[in-house]
Each structure stands twice: as structure tokens, then as C-alpha cells.
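We use all heavy atoms of the structure for the numbers below, so side chains are in, but hydrogens, waters and symmetry mates are not.
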Amino acid sequence: MAVVLVLPAALLHRRPLPALALLLAGSLAETLALHSRQTALLQILAVDIAVYFIAATRPRRISIAAAVMTFGVLVGYFASRVVPGFGTSTQLAVASTVVIAWLIGNSMRQSHVYAETLRAQATVQAVTAERLRIARELHDMVAHSIGIIAIQAGMGSRVIDTQPAEARNALGAIEATSRETLSGLRRMLGALRRAEPGSESDAAPLDPSPGLADLDRLAATTADAGVRVDVQWRGQRRPLPADIDLSAFRIIQEAVTNVVRHAGTGHCRVTVDHQDEELSIEVVDDGRGCTIAGTGYGVVGMRERVGLLHGDLSVGPRPEGGFRVAARLPVPAGAR
């Protein structure tokens with residue numbers, strides 16, 4: 001009996017249908033030779049387990065073929081009444097165990113396929129979210145820097161003959177902004193390649209991500225471009241989670257960049273309010289107040305950042321003139 005069970009079992013993984021046919025043939029041959037009811041029940045149990053295994057691990061076409069083959073053989077076998085003690089109802093009950101074994105195995109396979117589908121969808125969603133995060137970072141970083149560089153280059157070209165010192169200052173600001181942008185791009189590319197073993201980024205230290213502590217540097221860079229940024233702090237300043245700190249800085253950076261590029265004014269005000277349960281930021285200017293809400297990758301990026309943190313964003317012209325960007329970012333209880 002061990003030979004009848006072991007040999008087909010060894011073939012189930014590679015050749016399921018031939019292995020099942022061999023198991024059926026061996027089981028029936030042994031039952032006919034021994035004329036034992038107990039032996040027949042053990043053989044039927046082994047066949048049911050094989051049907052379950054095929055239904056759980058193989059495509060439905062193969063599993064259905066296995067179930068039909070097994071059911072037909074068992075029904076034909078018991079119809080001949082060669083085993084003592086098996087009546088018609090018992091024959092049908094035994095044959096029905098094949099259907100039950102197939103149903104259980106098929107259910108297990110469907111559960112496995114469903115779980116794999118969910119994992120694949122989760123992977124796709126994670127990749128999409130990471131691509132959007134990288135796109136936001138690149139836009140916020142490059143758009144701000146290129147805007148500052150363009151303004152400084154224009155200023156330098158206008159005064160290079162009459163005010164060489166101002167032209168040199170503009171070139172210095174362009175150099176500093178370019179180096180800062182290159183450093184940010186290097187940090188981002190290094191993070192993307194960090195998983196590659198032996199890559200250069202494994203050994204090279206990466207600069208920390210910017211945060212609200214860099215607002216003074218942002219204000220200085222923007223002042224070089226001709227827009228004064230007044231930063232006002234309210235509430236008790238305290239460390240923030242990295243995602244909130246980075247998002248707050250990027251929102252302010254994008255809003256200030258829009259002031260430089262679109263507002264036509266030389267001044268804006270940034271307010272950072274540390275409250276008990278949230279961080280509030282506001283950027284206002286007294287410029288042209290052009291309507292850009294909902295347009296452009298910058299505003300879309302701000303909305304995405306705020307949405308990921310379950311906050312609120314308000315973007316639009318002010319009734320008294322100028323433009324206003326305001327965001328509320330909830331602070332988790334553990335970080336307060």
C-alpha cells in the first residue's frame with residue numbers, strides 16, 4: 001500500500017494528471033486484490049487528498065479534469081459492487097467526497113489568487129505613490145531653484161555694464177542656488193539607488209531633507225532674487241515628524257516661488273503657527289493676486305502633500321489684494 005501511495009505522490013507536483021491516474025489504478029488494483037473495506041476507504045481518502053491538492057495548486061482546467069476523471073472511475077468501480085458492505089447510498093457518498101475535495105481545494109486556490117492580486121495591487125499603489133512623491137520633490141526643488149536662477153540671470157544681464165558689483169552678486173547667487181539644487185538632486189538620486197549593493201551612494205553620506213529650520217536660508221535666497229520674506233513664528237516651536245516638517249517647508253517654498261515668479265511684488269509674509277494639535281502655515285503677498293488655484297503642478301503638489309497628511313489647504317486671491325496660501329497639518333498625538 002505504501003508503494004501505491006508514495007510513487008504517485010512524488011509525481012503530483014510535476015505531472016498531476018498522470019500521477020492521479022496512477023494512484024487510481026493502484027488503489028483499485030489493491031482493493032480488488034485484498035477485498036477489504038478498510039483498505040478501500042484508505043485508498044479513497046488518498047485519492048481525495050490528491051484531488052484536493054491538484055485543485056488547490058493547479059489551474060482550473062487541470063483540476064476539473066482531475067475531478068471528472070476521479071468521479072467517473074469511482075462511480076464505475078462502485079457500480080460493479082465488488083467491495084463487500086458498500087450499498088448504493090454509500091457508493092454515492094464516497095463518490096461525492098471527490099466533489100467536496102475539489103470544492104475545498106478550488107476555494108483554497110481562489111483565496112490564494114485573491115491574496116496574490118491584493119499584494120500585486122498594493123505593490124502597484126506603493127510604486128505609484130513613490131513616483132508621485134519623487135515628482136513632487138523634483139518639482140518643488142527644481143522649480144524654485146530655476147525661478148531664482150532666471151531672475152538673478154536677468155538682473156545680472158541688465159546691470160553688468162553699469163553695476164558690475166551687483167552683477168557679481170547675481171552670479172554668486174546663481175552659483176549658490178545651482179550647488180544647492182545639485183546637492184538636492186544628488187540626495188534624491190542616492191536615495192533611489194540606495195538599494196543597489198556596492199553603489200557609490202552606499203558610501204557617500206546623504207544630506208538631510210530640508211525642513212522648517214531652513215526657512216531662514218530660503219528667505220535669504222529669495223531676498224537675493226528681489227523678494228523680501230518676513231518669517232513670523234507663533235506658538236511654541238518643537239520638533240515635528242519628518243514628513244510634516246518636509247511638507248510644510250515644501251509648501252512654503254512653492255508659495256514663495258510663486259510670489260517671485262507671478263506676484264510682481266517685492267515682499268511676502270510667511271507665518272508658522274505651532275498649535276497644540278496642528279501646524280498652521282500661511283504665505284501672503286500684496287501682489288497682483290492672479291488666480292492660479294487648482295492649476296499647475298506646484299499647486300497640485302501642495303494639495304497632494306496636504307491630502308496625504310489629512311490636512312486642509314486654501315489657495316486663492318485675497319479680497320484686499322494679493323494672494324494667500326494657507327495650510328493646516330494635523331500633528332499626531334505622540335509628536336506633540
query = Do Val325 and Leu313 pass the side chain to side chain contact (heavy atoms under 4.5 Å, CB included) test, and can you show the C-alpha distance, the side-chain angles, and the key distance before you say yes or no?
reply = CA-CA 7 Å; Val325 175; Leu313 179 70; 4.2 Å; yes
Sequence neighbours left out, cut at 3.5 Å: what donor-acceptor pairs do the side chains of residues 210-220 make with other protein atoms?
unit_1 : atom_1 : unit_2 : atom_2 : d
Asp214 : OD1    : Arg217 : NH2    : 3.3
Asp214 : OD2    : Gly211 : N      : 2.9
Arg217 : NH1    : Glu180 : OE1    : 3.3
Arg217 : NH1    : Glu180 : OE2    : 2.1

Quick check against the 3.5 Å criterion: does [X] have a side-chain atom that pairs as donor or acceptor with the backbone of [Y]?
X	Y	value
Arg303	Asp312	no
Trp233	Thr271	no
Ser107	Ile104	no
Arg318	Gly321	yes

Nearest 0.5 angstrom please: [X] [atom1] to [Y] [atom2], how far?
X	Y	atom1	atom2	answer
His274	Ile281	NE2	CD1	10.5 Å
Thr117	Gln110	OG1	CD	11.0 Å
Leu246	Gln253	CG	CD	9.5 Å
Arg228	Arg269	CZ	CZ	11.5 Å
Leu329	Gln275	CG	CD	11.0 Å
Ile54	Leu17	CD1	CG	6.0 Å

Minimum-distance pair of heavy atoms, taken over all atoms of [X] and [Y]:
X	Y	result
Pro330	Gly311	CD-CA, 3.6 Å
Ala327	Ile251	CB-CD1, 4.4 Å
Arg109	Ala56	CB-O, 3.4 Å
Ala55	Ser63	CA-CB, 3.5 Å
Cys268	Val256	SG-CG2, 4.4 Å
Arg328	Ser280	CG-OG, 3.9 Å

ask   = What residues form a ring pair (Phe, Tyr, Trp, His ring centres under 6.0 Å) with Phe53, not counting sequence neighbours?
value =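 His13.
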inquiry  = Taking side-chain hydrogen bond (donor to acceptor under 3.5 Å, both in side chains) as the definition, give me every residue that meets it alongside Ser247, ordered by chain and number, with sequence neighbours left out.
reply    =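 Here no residue qualifies.
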inquiry  = So, using side-chain hydrogen bond (donor to acceptor under 3.5 Å, both in side chains) as the criterion, who are the partners of Arg119 when residues are at least two apart?
reply    =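 Expected list: Glu116.
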request  = Return the set of residues passing side-chain contact (heavy atoms from CB on, under 4.5 Å) with Arg158 (not counting sequence neighbours), or none when no residue passes.
outcome  =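 Applying side-chain contact (heavy atoms from CB on, under 4.5 Å) to Arg158 gives Met155.
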Hydrophobic clustering (ILVMFWY, side-chain heavy atoms < 4.5 Å, transitive) - are [Y] and [X] grouped together?
X	Y	value
Val306	Ile252	yes
Val299	Phe249	yes
Val284	Val315	no
Ile100	Leu103	no
Met302	Leu309	yes

query = Hey, does Ile64 have a side-chain heavy atom less than 4.5 Å from the side chain of Asn106?
reply =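 In short, these two side chains do not touch, never coming nearer than 4.5 Å.
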key: Any Phe323 side-chain heavy atom under 4.5 Å of His262 side chain   =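 The answer is no, as the side chains (C-beta and beyond) never meet within the 4.5 Å cut-off.
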query = Would you say Leu308 has more than 12 foreign heavy atoms packed within less than 6.0 Å of its CG?
reply =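 Yes, because the 6.0 Å sphere around CG of Leu308 holds more than 12 heavy atoms from other groups.
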query = Is it true that atom CE of Met69 has more than 12 heavy atoms of other residues, nucleotides or ligands lying nearer than 6.0 Å?
reply =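 Correct, the count exceeds 12.
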query = Is there a side chain to side chain contact (heavy atoms under 4.5 Å, CB included) between Val270 and Asp230 once you walk through the steps?
reply = CA-CA 6 Å; Val270 175; Asp230 293 333; over 6 Å; no
Side-chain donor-acceptor contact under 3.5 Å, His267 with Asp286 =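 The answer is no; no qualifying pair exists.
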query = For Thr97 and Asp48, does a side-chain donor sit closer than 3.5 Å to a side-chain acceptor?
reply =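 Yes, a side-chain donor-acceptor pair sits under 3.5 Å.
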inquiry  = Could you go through Val227 and Thr265, starting from their C-alpha distance and side-chain angles, then the distance that decides it, and tell me whether this counts as side chain to side chain contact (heavy atoms under 4.5 Å, CB included)?
reply    = CA-CA 7 Å; Val227 176; Thr265 181; 5.6 Å; no
Show me the donor-acceptor pairs, under 3.5 Å and distance only, between side chains in residues 161-172 and residues at least two apart or in other chains.
unit_1 : atom_1 : unit_2 : atom_2 : d
Asn169 : ND2    : Ala165 : O      : 3.4

task = For the pair Phe71 and Val99, evaluate side chain to side chain contact (heavy atoms under 4.5 Å, CB included) and give the outcome as yes or no after the intermediate values.
result = CA-CA 8 Å; Phe71 186 83; Val99 178; 4.1 Å; yes
